[in-house]
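Keep in mind that what you see is a predicted model, and the values were worked out from it rather than measured.
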Amino acid sequence: FEERTHGEVLSIITNDIDTFAGNLSQSLTQVVSSIAMLIGIIVMMLTISPILTGASLLMLPISFGLIMFVVKHSQKYFVRQQEYLAEVNSQVEETYGGHVIVKTFNKEKDALEKFEKANDTLYESAWKSQFLSGMMHPIMAFVGNLGYVMISIFGGYLTIKGKLEIGYILSFSQYIRQFNQPITQTAQIANLLQSTAAAAERIFKFLEIEEEQETGTSMDTSKIQGNIEFKKVFFGYTKDKMVIKNLNAKIKQGQKIAIVGPTGAGKTTIVKLLMRFYDVDKGEILIDGKNIQEYTRSDLRNLFGMVLQDTWLFSSTIEENIKYGKLEATREEVEEVSKLSHIDHFIKTLPDTYNMEINEEANNISEGQKQLLTIARVILKNPKILILDEATSSVDTRLELLIQEAMDKLMEGRTSFIIAHRLSTIRNADLILVMQDGNIVEQGTHKQLLKKKGFYAKLYNSQFED
């Protein structure tokens with residue numbers, strides 16, 4: 001999902017699967033009935049004249065040879081058609097999703113040109129594939145007529161010689177017409193079969209992508225304390241480029257750990273490794289002395305509560321969004337965590353309060369309110385370990401202080417990771433890990449790091465220089 005655009009994935013799940021299913025249900029019955037009809041006609045033709053039947057069957061290699069020739073040249077256009085259909089869908093999804101940015105930068109013309117370029121390629125491959133596959137019907141009709149003429153001449157010769165009565169020739173000529181019918185039908189649905197094959201190729205390529213390998217075993221995580229250790233951890237999204245290099249750190253239960261550093265230093269990557277969205281290339285990450293790969297992913301992720309800079313809410317009521325991490329929670333519990341996260345007052349000013357529906361784009365509430373709802377969701381889950389990635393980036397300064405108080409209460413007794421760009425928010429952290437180019441270059445408390453006058457002090461002072 002990180003390597004492909006949303007539009008491409010959606011195109012495979014909707015367009016390709018619809019094409020595959022629709023064409024298969026439509027063409028499969030025709031193919032089966034055509035084969036059955038073909039066998040029946042051949043049997044009847046053999047009862048009349050094996051010699052004429054043999055002559056008729058000479059048309060089959062010619063027919064299939066022509067079909068294969070057309071298929072060979074048109075298949076690449078069918079594959080290209082499905083690929084560019086995905087490309088067009090991807091562009092539409094991207095442009096609709098970011099239409100405000102497109103308008104802000106006056107990029108409507110550029111977006112249209114980009115779309116038209118992809119759409120023209122789609123059009124070109126679509127008409128070529130349809131034109132080539134459409135040639136099959138007239139080609140097969142022509143071959144069928146050749147067979148009909150050949151049988152008429154050969155049958156006439158046999159009648160003159162007295163080897164076959166004229167009535168049999170007339171019957172045989174009718175069977176010849178029927179013999180060509182299923183072949184022509186098969187040729188007609190060849191374009192359907194080709195688009196089905198192109199769609200199937202993309203679907204199975206998608207399905208063949210390696211699944212997450214479940215290596216751990218299910219275990220009771222209720223007694224987990226939250227001691228975490230990184231031991232000689234190496235990781236890269238590609239094998240030739242390591243993002244995390246020889247990471248070592250010990251975090252005790254209940255500590256508040258801040259991870260700071262410039263963009264691209266590897267801060268968010270640590271979170272992805274902790275939750276096993278990716279597994280380390282070398283080294284190990286331990287929770288309470290046990291390698292995280294010994295836990296199942298679901299058990300491991302149940303230990304974590306995460307509040308990200310990019311909020312995510314789904315189209316449902318406010319109450320259901322807050323209860324997402326704990327579906328059995330009562331309304332009283334939901335209201336309690338809403339008060340702790342300072343969203344309760346706002347919710348009660350709404351017409352339907354907790355039953356208000358958040359729309360599909362979640363744009364009927366502000367960014368700050370969305371962030372408060374995600375904070376309430378994590379507080380309700382009551383996790384063992386917290387991960388806060390710029391969790392207060394979308395709220396004003398006054399509200400940030402109130403939320404910070406609530407978060408401090410939430411973090412009591414819990415191991416907490418705070419990814420921060422605004423260094424003023426992590427002064428009271430128990431341990432600050434300073435990252436640069438995938439390495440921890442400094443670690444200590446805020447005061448200790450300032451005294452060192454190293455990389456952290458330089459980062460911190462750059463935010464408060466006159």
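The CG atom of Asp279 lies 12.5 Å from the CD atom of Glu284; values are rounded to the nearest 0.5 Å. Going from atom OG1 of Thr415 over to atom CD1 of Ile228 covers 5.5 Å, rounded to the nearest 0.5 Å. Put simply, CG on Leu373 and CD1 on Ile322 are 5.0 Å apart, with the number rounded to the nearest 0.5 Å. Between the CD atom of Glu116 and the NZ atom of Lys109 there is a distance of 10.5 Å, given to the nearest 0.5 Å. A distance of 9.0 Å separates CG in Asp288 from CG in Leu303, rounded to the nearest 0.5 Å. Between the OG1 atom in Thr47 and the CD1 atom in Ile42 there is a gap of 12.0 Å [rounded to 0.5 Å].
Of all the heavy atoms in Val337 and Ala376, the pair that sits closest is CG2-O, 3.7 Å. Contact between Arg276 and Arg297 at its shortest, heavy atoms only, is O-NE, 3.1 Å. Closest of all the heavy-atom pairs between Val334 and Lys323 is CG2-CG, 3.5 Å. Nearest heavy-atom pair across Asn321 and Arg377 is O-CD, 3.0 Å. Closest of all the heavy-atom pairs between Val233 and Val280 is CG1-CG1, 3.6 Å. Here the closest heavy-atom approach between residue Ala329 and residue Leu380 is recorded as CB-CD2, 3.8 Å.
By the 4.5 Å heavy-atom criterion applied to side chains, Ile385 and Ser416 are not counted as neighbours. The shortest side-chain heavy-atom distance between Glu229 and Ile251 does not fall under the 4.5 Å cut-off. Residues Met275 and Ile387 form a side-chain contact, since some pair of their non-hydrogen atoms from C-beta on lies under 4.5 Å apart. Put simply, the side chain of Ile318 does not reach to within 4.5 Å of the side chain of Glu357, judged on heavy atoms. Put simply, the side chain of Phe417 reaches to within 4.5 Å of the side chain of Leu274, judged on heavy atoms. Residues Ile203 and Leu207 have side chains in contact (heavy-atom distance under 4.5 Å, counting atoms from C-beta outward). Within the 4.5 Å cutoff, no side-chain heavy atoms of Ile292 are placed close to those of Leu286. Put simply, the side chain of Thr95 reaches to within 4.5 Å of the side chain of Val102, judged on heavy atoms.
The closest donor-acceptor contact from the side chain of Asp299 to the backbone of Tyr295 lies at 3.5 Å or more, if one exists at all. Between the side chain of Asn302 and the main chain of Ser298, a donor-acceptor pair closer than 3.5 Å is present. For Asn227 (side chain) and Gly289 (main-chain N/O), no donor-acceptor pair under 3.5 Å exists by modelled atom type. At distances below 3.5 Å, not a single donor-acceptor pair connects side-chain atoms of Ser90 with backbone N or O atoms of Ala86.
For the 3.5 Å distance criterion, the side chains of Thr196 and Asn23 qualify, holding a donor opposite an acceptor. A donor-acceptor pair shorter than 3.5 Å cannot be found between the side chains of Ser125 and Gln81.
Under the side chain to side chain contact (heavy atoms under 4.5 Å, CB included) criterion, Thr14 pairs with no residue at all, not counting sequence neighbours. When the ring-ring contact (aromatic ring centres under 6.0 Å, His included) test is applied to Phe235, the partners found at least two apart in sequence or on another chain are Tyr237, Tyr278. Lys128 pairs by the salt bridge (Lys or Arg N to Asp or Glu O under 4.0 Å) definition with Glu124, not counting sequence neighbours. Every residue meeting the side-chain hydrogen bond (donor to acceptor under 3.5 Å, both in side chains) condition with Asp16, not counting sequence neighbours, appears here in chain and number order: Gln82, Arg202. By the side-chain hydrogen bond (donor to acceptor under 3.5 Å, both in side chains) test, Lys326 is found to be paired with Glu333, residues two or more places apart in sequence or in another chain being considered. Tyr354 pairs by the ring-ring contact (aromatic ring centres under 6.0 Å, His included) definition with nothing, not counting sequence neighbours.
Asp110 has a carboxylate O that lies under 4.0 Å from a charged side-chain N of Lys107, or vice versa, which qualifies the two as a salt bridge.
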Requested in this report: Please lay out, stage by stage, how Ile259 and Ile418 fare under the test side chain to side chain contact (heavy atoms under 4.5 Å, CB included).
Outcome: CA-CA 6 Å; Ile259 306 172; Ile418 305 160; over 6 Å; no
Requested in this report: Would you sort out whether Leu433 and Val260 count as a side chain to side chain contact (heavy atoms under 4.5 Å, CB included), showing the intermediate values?
Outcome: CA-CA 6 Å; Leu433 304 177; Val260 301; over 6 Å; no
Requested in this report: Assess whether side chain to side chain contact (heavy atoms under 4.5 Å, CB included) is satisfied between Ile270 and Phe230, documenting all intermediate values.
Outcome: CA-CA 10 Å; Ile270 287 180; Phe230 293 87; 3.8 Å; yes
Requested in this report: Evaluate the criterion side chain to side chain contact (heavy atoms under 4.5 Å, CB included) for residue pair Glu87 and Thr121; output intermediate values, then yes/no.
Outcome: CA-CA 10 Å; Glu87 173 72 18; Thr121 310; over 6 Å; no
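Within a 6.0 Å radius of OH in Tyr324, no more than 12 heavy atoms belonging to other residues, nucleotides or ligands are found. Counting non-hydrogen atoms of other residues, nucleotides and ligands closer than 6.0 Å to CD1 of Ile51 gives a total of 12 or fewer. Remark: Glu210 CD is loosely packed, at most 12 non-hydrogen atoms of other residues, nucleotides or ligands lying under 6.0 Å away.
Two rings, from Tyr84 and Tyr123, have their centers 6.0 Å or more apart.
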